[in-house]
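Following: one structure in structure tokens, then a few remarks.
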2 protein chains.
Amino acid sequence: MPDDGRLPADLFLDLDRSGPVPLYFQVGSRLEEAIRSGRIPPGSRLENEIALGERLSLSRPTIRRAIQDLVDKGLLVRRRGIGTQVVHGPVSRKVELTSLWDDLQAGSQGPSTKLLDRTTVGASGAVAEALGVPQGSAVLHIRRVRFADDAPMAVLENYLPPELLDATDEELAAHGLYQLLRMRGVTMRVAKQRIGARAASREESKLLEIDDLAPVLTMSRTAYDASGRAVEYGTHCYRPDRYSFEVTLVDK
Amino acid sequence: MPDDGRLPADLFLDLDRSGPVPLYFQVGSRLEEAIRSGRIPPGSRLENEIALGERLSLSRPTIRRAIQDLVDKGLLVRRRGIGTQVVHGPVSRKVELTSLWDDLQAGSQGPSTKLLDRTTVGASGAVAEALGVPQGSAVLHIRRVRFADDAPMAVLENYLPPELLDATDEELAAHGLYQLLRMRGVTMRVAKQRIGARAASREESKLLEIDDLAPVLTMSRTAYDASGRAVEYGTHCYRPDRYSFEVTLVDK
DNA sequence: AAGTGGTCTAGACCACCGT
DNA sequence: CGGTGGTCTAGACCACTTC
């Protein structure tokens, strides 16, 4: 059998052993690129971990970690006694604007945002519980509409901790919450989301340019920083013809 | 500071070093149990990895893996130079029937299912592409209604590979797809899902006992086995007042 | 029997955080 | 500065699959 899964030799020529980027990340990224581009075709077998490690002068745990990351992303499948294969399914498809993170990560570059409302309010029961602050303490409440290609896509309602009370309207419209929080030393690490559906309210239907009571996709999220403190609580609703969520599950 | 994060001494007394259950899994499970039960309270600090390893007579990588699994589940947060903490947020909340896997995993025990339709059809364009089979090849098509507490919750439409062509109606109603496929040697490893919303069709609204054109939550999924072959394609719609999806995201 | 991934060990050095 | 997690190494033994 000539198919020994030997990878293209030039894939890993430029590994940087002194820079700050971890080796497992460099290996994983190059491998992911090769798979998504189709250069390593679906269903093809990879070299075994030890051989690959020797060719790259890397230890087996380092190789394993790089491969495991791609397994977690759903790009590779491992079977004991068999080997590692590229999945057959639709791999090359990029995650476009349906990623679950993009509300946080886009912001500055992505679709535009219009600020509808921005007030400082005392945290009510549900908000106070979600953010983990005392009832009645001051939090920032904002309401925005997100546009993609000049068409309304979502209505975003958020409650934020005191750090952002000083943000200007211009900042809120231009920079996205994730970025604003980062600039103030707050980085999100964990988020819990609930996705559902309901009929649009009269106001929402107007903003989204859909019929009253038409279906909307809803998502509510609480995000936590590295210390475990809640730093964002939001309730969003989306036009279902312009937005959907994509999730890849891996059996562990 | 007396808070050295020292864990309860009896947590790890019964580690089985000879059985088939990996040590990192045993450690992780016990830790998860202690966190979810509140025995290790939110915000509390854990011992550092090396100390914990010494106390349990385990190497640092083994401890790290156990902890990392809980970080990936959103139960713990690690910070370099600081330590590992239990997140502050709502942790103890069980995942009940909103897990993204339960359609696959419940089946036998969970809510009941009524089989509406079961036919062998030639794979049409979209189905053939999703399942990765030739156009027109025989696949099993089934349509079911899922009930929870005797109330309709979802309409499930699935296309399945030839392995299941011989399944009886009783099996289909009683055992759940995941279990039936497992019994035939097929195990799912990766699934890609898309979650959206739309208005219910007349037939769906009747089955779900809701108004015509009322909102429904939709999910379509393609599942792959260990070899990367597609083994299930399904389109489901849910009553949004009885079902929603819960997702935990971790920044990696 | 040979080859694969799955687990585990016992170290090492580094980057980052607090004091 | 000491303590923490982040990375990396070089081995070892095992379980599983295929031949």
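With B:Arg30 as the fixed residue, the salt bridge (charged side-chain N to carboxylate O under 4.0 Å, His left out) test singles out one of B:Asp14, B:Asp16, B:Asp69: B:Asp14. Tested against B:Glu49 for a salt bridge (charged side-chain N to carboxylate O under 4.0 Å, His left out), the candidates B:Arg60, B:Arg65, B:Arg80 yield a single pass: B:Arg60.
Take B:Gln85 and apply the side-chain hydrogen bond (donor to acceptor under 3.5 Å, both in side chains) test, not counting sequence neighbours, and it matches B:Arg79.
We find the CZ-CD1 distance between A:Arg118 and A:Ile142 to be 8.5 Å, quoted to the nearest 0.5 Å. The distance from the CD atom of A:Glu33 to the CG atom of A:Leu31 is 10.5 Å, given to the nearest 0.5 Å. Between the CD atom of B:Glu54 and the CG atom of B:Leu56 there is a distance of 10.5 Å, given to the nearest 0.5 Å.
In this structure, B:Ile50 reaches neither bases nor backbone, as no heavy-atom distance under 4.0 Å exists between it and the strands shown.
Contact check, B:Asn48 against D:dG3: no side-chain N or O comes under 4.0 Å of OP1 or OP2. Here B:Arg17 reaches the OP1 or OP2 of C:dT9: one of its side-chain N or O atoms lies under 4.0 Å away. For the pair B:Tyr24 and C:dT7, the criterion of a side-chain N or O lying under 4.0 Å from OP1 or OP2 is met. Look at A:Thr84 and you'll find a side-chain N or O under 4.0 angstrom from OP1 or OP2 of C:dG5. For the OP1/OP2 pair of D:dG5 and a distance below 4.0 Å, the side-chain nitrogens and oxygens of B:Arg64 include no atom meeting the criterion. Within the structure, a side-chain polar atom (N or O) of A:Thr62 is placed less than 4.0 Å from OP1 or OP2 of D:dT9.
The interatomic distance linking A:Arg78 (CZ) with D:dA15 (P) rounds to 19 Å, in whole Å. What separates CG of A:Leu52 from C1' of C:dG3 is a distance of 16 Å, to the nearest Å. Rounded to whole angstrom, the span from the CD atom of A:Glu54 across to the C1' atom of D:dT9 amounts to 14 Å. Distance CG (B:Asp16) to P (C:dT7): 15 Å, rounded to an integer number of Å. Between the CZ atom of A:Arg65 and the C1' atom of C:dG5 there is a distance of 18 Å, rounded to whole Å. Per the geometry, CD1 belonging to B:Ile63 stands 12 Å off C1' belonging to C:dC8, to the nearest Å. Between A:Leu23 atom CG and D:dT9 atom C1' there is a gap of 11 Å when expressed in whole angstrom units. The interatomic distance linking B:Phe25 (CZ) with C:dC8 (P) rounds to 12 Å, in whole Å.
Side-chain contact between A:Val87 and B:Tyr224 is absent, with no heavy-atom pair separated by less than 4.5 Å.
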| How would nucleotides 10-19 of chain C be written as a contact map, 5' to 3', with B for base contact, S for sugar-phosphate-only contact and - for no contact, using protein heavy atoms under 4.0 Å? | B-B--BBSS-
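Residue A:Glu32 qualifies as enclosed at atom CD: its count of foreign heavy atoms under 6.0 Å is above 12.
Salt-bridge annotation for B:Arg221 and B:Glu232: present, with a side-chain N of the basic residue lying under 4.0 Å from a carboxylate O of the acidic one.
Nearest approach of B:Ala123 to B:Val133, heavy atoms of both residues: CB-CG2, 4.0 Å.
Comparing D:dG6, D:dT7, C:dT7 against the side chain of B:Glu49 picks out D:dG6 as the nearest.
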| field | Bracket notation of DNA chain D in which parentheses pair within the strand, [ ] cross earlier pairs, and | pairs with another strand (Watson-Crick or G-U, under 3.5 Å) | value | .|||||||||||||||||.
